[in-house]
Amino acid sequence: MSSTWGTNIKLSIFGGSHTEAIGVVLDNLPANEKIDLDAVRMQMARRAPGKDKTATTRAEADEPQILSGLLNGITTGAPLAAIIQNTNTRPKDYSLLKTHPRPGHADYTASIRYDGANDIRGGGHFSGRLTACLVFAGAVCRQILERRGVTVGAHALQIGAAKDSAFDPVHVSADVLNALNTRFFAVNEAVAEQAMRDEIENARLDADSIGGVIECAAVGMPAGIGSPMFGGVENILASILYGIPAVKGVEFGAGFGVSALRGSENNDAFYYGEDGHVYTETNHAGGILGGITTGMPIVFRVAVKPTPSIGKIQNTVDLLEKKNDTLTVVGRHDPCIVPRAIPVVEAAAAIALLDMML
Ligand SMILES: Cc1cc2nc3c(=O)[nH]c(=O)nc-3n(C[C@H](O)[C@H](O)[C@H](O)COP(=O)(O)O)c2cc1C
C-alpha cells in the first residue's frame, strides 16, 4: 500500500480508523511560510465528526500534533509531519467483516488485494477518518496559496433532490469563496441548507443514507499553469480528488453538459479587459484549456456517493462458508458524507493547485 501523492509537493498519509493515530507528511513545502495554526484547526473542525444529526456521533478532537517542519509557526523547508490521535475508537470484534464484506465498502476488494492482512477495523486505511490528514495538509497549503493570491471555496450543490444555486463560473470571486470556506454545511443560498438537511434526516430516519454533489472553485490562478497530456490541471485535480473516499465523479466546467452543446455555444470567446488581461465571456471550460489554466476561475464538481454503512439488512456473502448471507452494519455513521467532505474537497484542491504552482 502506498498512500503518497504529488510531484512538487509530496503528500503521504498513514494510519487507519482504529490505529493509535493517523498522520501526514508534506515534503517540499516552501520555507519561510508563516502558518496560522488556529486557521488550520478551524479547517479541521469543519470536517470533524460529532457536530449534528447530519454527521456521525463519533466525536474526535482532531488536534494535530506537529512533529517537524515548523519552527515558531514558520515552515523550515524540512518535511512537515503531523499526527492526529484516534481518541474515540470502540474496540470490538471486527472478525465478521473479514468473512462478511460490507456492501459499498472496500472490505471485499482489500481482502483480495492484501491477502486478508488488511486492518479491517472501522475500514482501516480506507476510512473517511484519513481525510482529517488531507484537511490538515490542505489548510497549510491554502495559506501559502492565499499569499500568492489564490482562494479556494466549495459548497454543497445538491443532496438528494435538494439543490443550491451553482457558482457563476465567470464572476465567482474571492469574497464569495471566503464566505463559504470557513463554514460547516456551506451553501450559497440559506434555503437550500434546510431542504438538504430534510433530505439527510429523511434518509437517516429510514436507516438509509444519501449522496450529493460538491461544487468547488478556485480564483486567482494565473494563466499558463499545467501541461498536456497527463500533467494537466484536470489530471492532477482528479487524481487527488479521487483519493477522497466516496468520490465517484469529477467534472470540470460544463462537464458532461458539453455533450449537449454546439461548439458555438460551448466555446468561451476571448476579450481584452480594461486591465489589459485576456478574459473569456463565458467559462464552460472551467478555467482550463489543454490542461492549462486560462486565468478564469477553475470550477469543478464532485459526486459523492451515499454513505455505504446503512442500518438496513443487506445481502452479502460468507467468504468462509462460500455461501450467500445477510449483514446488518452496526456503529456510528454519517447519513450523508457531503457536509463533512466540503472542506476535504477544498483541501485536496489547495494541495493540487500549490503542487502545480511551485
Ligand atoms: C469525510 C468522510 C466521512 C465518511 N464517513 C463515512 C461513514 O461514517 N460511514 C461509511 O460507511 N462511510 C464513510 N465514508 C466513506 C467510506 O470511507 C468509503 O465509501 C469507503 O471506504 C469505500 O471507498 P469508496 O467509496 O471510495 O469506494 C466517509 C468518507 C468521507 C470523505
Side-chain angles (χ1 to χ4, degrees), residues 1 3 5 13 15-18 22 43-60 62 84 86 88-90 94 97 100-114 118-139 154 156 159 184-186 200 203-204 207-214 216 238-250 302-312 314 316 327-349 351:
M1 233 183 255
S3 292
W5 179 94
I13 291 180
S17 175
H18 285 52
I22 54 177
Q43 288 300 335
M44 295 186 70
R46 292 174 71 206
R47 192 221 66 96
K51 264 184 288 293
D52 62 25
K53 280 195 290 187
T54 66
T56 168
T57 53
R58 174 178 170 170
E60 290 279 8
D62 279 5
I84 304 152
N86 281 332
N88 195 348
T89 55
R90 281 190 180 166
Y94 285 91
L97 302 184
H100 292 68
R102 294 167 301 171
H105 276 280
D107 304 341
Y108 172 65
T109 50
S111 77
I112 293 181
R113 175 79 172 83
Y114 301 106
N118 54 296
D119 179 359
I120 209 148
R121 298 169 303 159
H125 193 63
F126 296 86
S127 167
R129 172 105 190 102
L130 278 291
T131 58
C133 298
L134 260 182
V135 173
F136 171 85
I159 291 178
F184 178 67
F185 214 135
I200 298 172
R204 192 181 72 83
D208 215 332
S209 63
I210 194 148
V213 179
I214 296 169
C216 184
S239 76
I240 193 164
L241 290 165
Y242 278 118
I244 302 172
V247 167
K248 294 302 276 184
V250 180
V302 171
V304 179
K305 77 183 193 183
T307 317
S309 291
I310 53 174
K312 292 183 188 302
Q314 299 177 81
T316 187
L327 176 75
T328 306
V329 176
V330 290
R332 303 160 291 176
H333 299 285
D334 297 302
C336 180
I337 292 166
V338 170
R340 292 183 57 212
I342 294 170
V344 183
V345 167
E346 289 175 4
I351 298 164

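Whatever order the structure lists ligands and atoms in, that order sets their numbers, starting from 1. All values below come from the heavy atoms of this structure, side chains included, with hydrogens, waters and symmetry mates left out. Remember, predicted model here, so these are calculated numbers, not experimental data.
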Is there a nitrogen or oxygen of [X] sitting under 3.5 Å from a nitrogen or oxygen of ligand 1?
{"X": "Ser127", "answer": "no"}
{"X": "Arg47", "answer": "no"}
{"X": "Ala246", "answer": "yes"}
{"X": "Phe126", "answer": "yes"}
{"X": "Arg340", "answer": "no"}
{"X": "His333", "answer": "yes"}
{"X": "Asp334", "answer": "yes"}

Only heavy atoms of [X], strictly under 4.0 Å: list the atoms of ligand 1 that pass.
{"X": "Lys305", "answer": "19 (O), 24 (P), 25 (O), 27 (O)"}
{"X": "Gly104", "answer": "22 (C)"}
{"X": "Ile244", "answer": "31 (C)"}
{"X": "His105", "answer": "10 (C), 11 (O), 12 (N), 20 (C)"}

*Check each of Thr131, Leu134, Thr307 against atom 7 (C) of ligand 1 and report the one with the nearest heavy atom.*
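Minimum heavy-atom distance to atom 7 (C) of ligand 1 goes to Thr307.
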*Shortest reach to atom 31 (C) of ligand 1 by a heavy atom, considering only Pro335, Pro245, Pro306*: Pro245
*Between Arg46 and Asp62, is a salt bridge (Lys or Arg N to Asp or Glu O under 4.0 Å) present by the stated rule, with each step listed?*
CA-CA 10 Å; Arg46 292 174 71 206; Asp62 279 5; over 6 Å; no
*Please work out whether the ring planes of Tyr114 and Phe126 are parallel, tilted or perpendicular, with thresholds of 30° and 60°.*
tilted
*For Gly123, is the nearest heavy atom under 4.0 Å from an atom of ligand 1?*
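Per 4.0 Å heavy-atom rule, Gly123 does not contact ligand 1.
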*Verify the neighbour count for atom NZ of Lys248: are there more than 12 heavy atoms of other residues, nucleotides or ligands below 6.0 Å?*
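Result for NZ/Lys248: open.
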*Any idea which heavy atoms bring Cys216 and Ala349 closest together, and the distance?*
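For Cys216 versus Ala349, the nearest heavy atoms are SG-CB, 4.2 Å.
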*Check: Ser111 side chain, Tyr108 main-chain N or O, donor-acceptor pair, under 3.5 Å*: yes
_Reference residue Arg102; test side chain to side chain contact (heavy atoms under 4.5 Å, CB included); the match among Val329, Ile310, Thr316_ = Val329
*Option among Ile240, Ile214, Val302 that satisfies the side chain to side chain contact (heavy atoms under 4.5 Å, CB included) test with Val247*: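 That would be Val302.
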*Quick one: are Pro335 and Ile210 in side-chain contact, heavy atoms under 4.5 Å?*
no
*Looking only at side chains, do Ser3 and His125 share a donor and an acceptor under 3.5 Å apart?*
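On atom types as modelled, these side chains qualify, holding a pair under 3.5 Å.
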